[in-house]
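When a residue number appears, it is its place in the shown sequence, counting from 1.
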Amino acid sequence: MTKRKRTYLRGGEIIDVEEYHDHEYGAPGKGRSKKEKPTPEQMRRKNAWNKARKCRQFLLEYFKPGDCLMTFTYKKEERPEDMTAAKKDFKAFMEKIRKVYTKRGKMLFWIRNIECGTRGGWHIHLVINEIGDTASIVQKAWKKGGVWSAEIRSSQYSDIDMKRLANYLTKDEHTREPKKDGNQGKPKIRESSYSRSRNMILPEPKVDKLTHWKKETKPKKGYYIASIYEGINPVTGYHYRRYTMISLSAKKKSEEELERIRKRRKKKKIRQNSRNRKKTNTRKTGTFAKAK
């Protein structure tokens, strides 16, 4: 028997699907592999995948492309002694932010990852919902170092299903980023702490049973399959499949938004080049006048 779990996100614009065999049947025409006890590494990978998956779903459900992706740094003399102290710093900071949001009658949603690098540097990655001047509010509240801020849609981690951003926010001491030559680099994080605001709740997934395991997956009408992954569970020996369907209307809106961003960036670059040329001409004119 095959089970299918569907989670409807963003009002049904995005559907996360998991298909897997229960423990009584194998894939049609194929015997299941021998069931084995999961190794610590297998459990770690599964837990990391589940954390990134949940993070992605929270991002899809509660955040928009115009919300803020921020990074806080510490001055060297302000660095925390340990993770407990870093969490305390973040808690005190968020209390200031919460007061502003509450005063304005706004809900506050956030996801963060505190990271300590292998060289001893500390920083915090934060996604927070925008209320008009969030960047200014945050900069006034964080006094222990610098603040870098950008809209999610303008960052290098922006994509339609938030997978890239979720992976970025759930990095830990086991994360290895690929080098230019394609090989895996060394971990850059010594310690990390992932968390989110507790007022975010995901919709309950809908689970149904299928009569057999389908060899091919077709999208629901009006949707397309944005990503898909298939494999065999190393613990149970059964086949499984995970995929994400996105409505064609959501894809169109995303493409239109990206086009608007490209146009804004192009206009900004043209204005900046124009200002630079004016400054250059002004300096040349001044130099020529002095020479005369």
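Heavy atoms from other residues, nucleotides or ligands lying under 6.0 Å from CZ of R119 number 12 at most. Other residues, nucleotides and ligands place no more than 12 heavy atoms under 6.0 Å from the NZ atom of K54. Atom NZ of K163 has 12 or fewer heavy atoms from other residues, nucleotides or ligands within 6.0 Å.
Judged by distance alone, with hydrogens and angles left aside, the side-chain atoms of S197 form a donor-acceptor pair with the main-chain N or O of W110 at under 3.5 Å. T71 places no side-chain N or O within 3.5 Å of a backbone atom of W148 that could act as its donor or acceptor partner. In this structure, the side chain of N129 engages the main chain of M107 through a donor-acceptor pair within 3.5 Å. Using a distance-only test at 3.5 Å, with no hydrogens or angles considered, a donor-acceptor pair links the side chain of N199 to the main chain of L108. For Y62 (side chain) and I201 (main-chain N/O), a donor-acceptor pair under 3.5 Å exists by modelled atom type. Counting only distance, with no hydrogens or angles, the side chain of E173 and the backbone of I189 share no donor-acceptor pair below 3.5 Å. Side-chain atoms of T73 never come within 3.5 Å of backbone atoms of G145 as a donor-acceptor pair (strictly under, hydrogens ignored). Within the 3.5 Å criterion, the main-chain N or O of T134 finds a donor-acceptor partner in the side chain of E130. No donor-acceptor pair under 3.5 Å is formed between the side chain of S158 and the backbone N or O of S155.
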### Task
Apply side chain to side chain contact (heavy atoms under 4.5 Å, CB included) to the pair I14 and Y223, showing each step before the final yes or no.
CA-CA 9 Å; I14 297 177; Y223 289 75; over 6 Å; no

### Task
I would like to know whether D67 and F109 meet side chain to side chain contact (heavy atoms under 4.5 Å, CB included); could you show each step before the answer?
CA-CA 10 Å; D67 287 328; F109 303 114; over 6 Å; no

### E115 and H125: CA distance, side-chain angles, deciding distance, side chain to side chain contact (heavy atoms under 4.5 Å, CB included) verdict
CA-CA 8 Å; E115 299 177 6; H125 298 304; 3.2 Å; yes

### Task
Start with the C-alpha distance between F72 and K144, add both sets of side-chain angles, then the distance that settles side chain to side chain contact (heavy atoms under 4.5 Å, CB included), and finish with yes or no.
CA-CA 9 Å; F72 309 140; K144 293 184 175 292; over 6 Å; no

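Atom CG of residue D172 and atom CD of residue E191 lie 11.0 Å apart, to the nearest 0.5 angstrom. For the atom pair CG (L210) and NZ (K3), the distance works out to 11.0 Å, reported to the nearest 0.5 Å. Between E18 atom CD and R53 atom CZ the span is 5.0 Å, to the nearest 0.5 Å. Of the inter-residue distances, the one linking R242 atom CZ with I228 atom CD1 reads 11.5 Å to the nearest 0.5 angstrom. A distance of 9.0 Å separates OH in Y240 from CD1 in I232, rounded to the nearest 0.5 Å.
Contact check for Y229 versus W49: no side-chain heavy atoms found under the 4.5 Å cut-off. When side chains are defined from C-beta on, K140 does not count as touching V100, because their heavy atoms never get closer than 4.5 Å. Annotation: side chain of Y101 is not in contact with side chain of M94 (no heavy-atom distance under 4.5 Å). A 4.5 Å side-chain heavy-atom check between H239 and H21 finds at least one atom pair inside the cut-off. Between K220 and R6, the closest side-chain pair of non-hydrogen atoms is not below 4.5 Å. Taking the side chain as every heavy atom from C-beta outward, F63 and M200 approach each other to under 4.5 Å. Using a 4.5 Å heavy-atom cutoff, the side chains of I128 and I97 are in contact. Counting heavy atoms from C-beta outward, S149 and V138 have side chains that stay 4.5 Å or more apart.
The side chain to side chain contact (heavy atoms under 4.5 Å, CB included) test with R241 singles out one residue from T2, T217, V17, and that residue is T217.
Residues K87 and S193 approach most closely at CE-OG, 3.2 Å, considering heavy atoms. Shown here for P219 and M245, the closest heavy-atom pair between the two residues is CA-SD, 3.7 Å. Taking both residues in full, the closest heavy atoms of C68 and I152 are given as C-CG1, 4.4 Å, listed atom of the first, atom of the second, then distance. In plain terms, the two heavy atoms of Y8 and P203 that are nearest each other are O-CG, 3.2 Å. Nearest heavy atoms, T170 versus N113: C-ND2, 4.3 Å. Between T118 and P187, the closest heavy-atom pair is CG2-O, 3.6 Å.
Cluster membership for L248 and I246, using ILVMFWY side-chain heavy atoms within less than 4.5 angstrom, is shared. No chain of hydrophobic side-chain contacts below 4.5 Å, direct or via other Ile, Leu, Val, Met, Phe, Trp or Tyr residues, connects L165 to L126. Both I124 and I137 are part of a single hydrophobic cluster, where members link through side-chain heavy atoms under 4.5 Å apart. Linking Ile, Leu, Val, Met, Phe, Trp and Tyr residues whenever their side-chain heavy atoms come within less than 4.5 Å places L9 and I111 in a single cluster. Y194 and Y157 fall within a single hydrophobic cluster, where Ile, Leu, Val, Met, Phe, Trp and Tyr are joined by side-chain heavy atoms under 4.5 Å apart, directly or via other members.
For A85, the side chain to side chain contact (heavy atoms under 4.5 Å, CB included) partners at least two apart in sequence or on another chain are P80, D82.
For the 3.5 Å distance criterion, the side chains of R45 and Q42 fail to qualify, holding no donor opposite an acceptor. With 3.5 Å as the limit, one finds no donor-acceptor pair spanning the side chains of Y168 and T175. One side chain, E19 or Y243, offers a donor N or O that lies under 3.5 Å from an acceptor on the other.
Of the charged side-chain nitrogens involved, at least one lies within less than 4.0 Å of a carboxylate oxygen, so that R56 and D16 count as a salt-bridged pair. A salt bridge between E77 and K75 is absent, with no side-chain N of the basic residue lying under 4.0 Å from a carboxylate O of the acidic one. A salt bridge links E41 with R44: the closest approach of a Lys/Arg side-chain nitrogen to an acidic carboxylate oxygen falls below 4.0 angstrom.
Between W142 and Y74, the ring centre distance stays below 6.0 Å.
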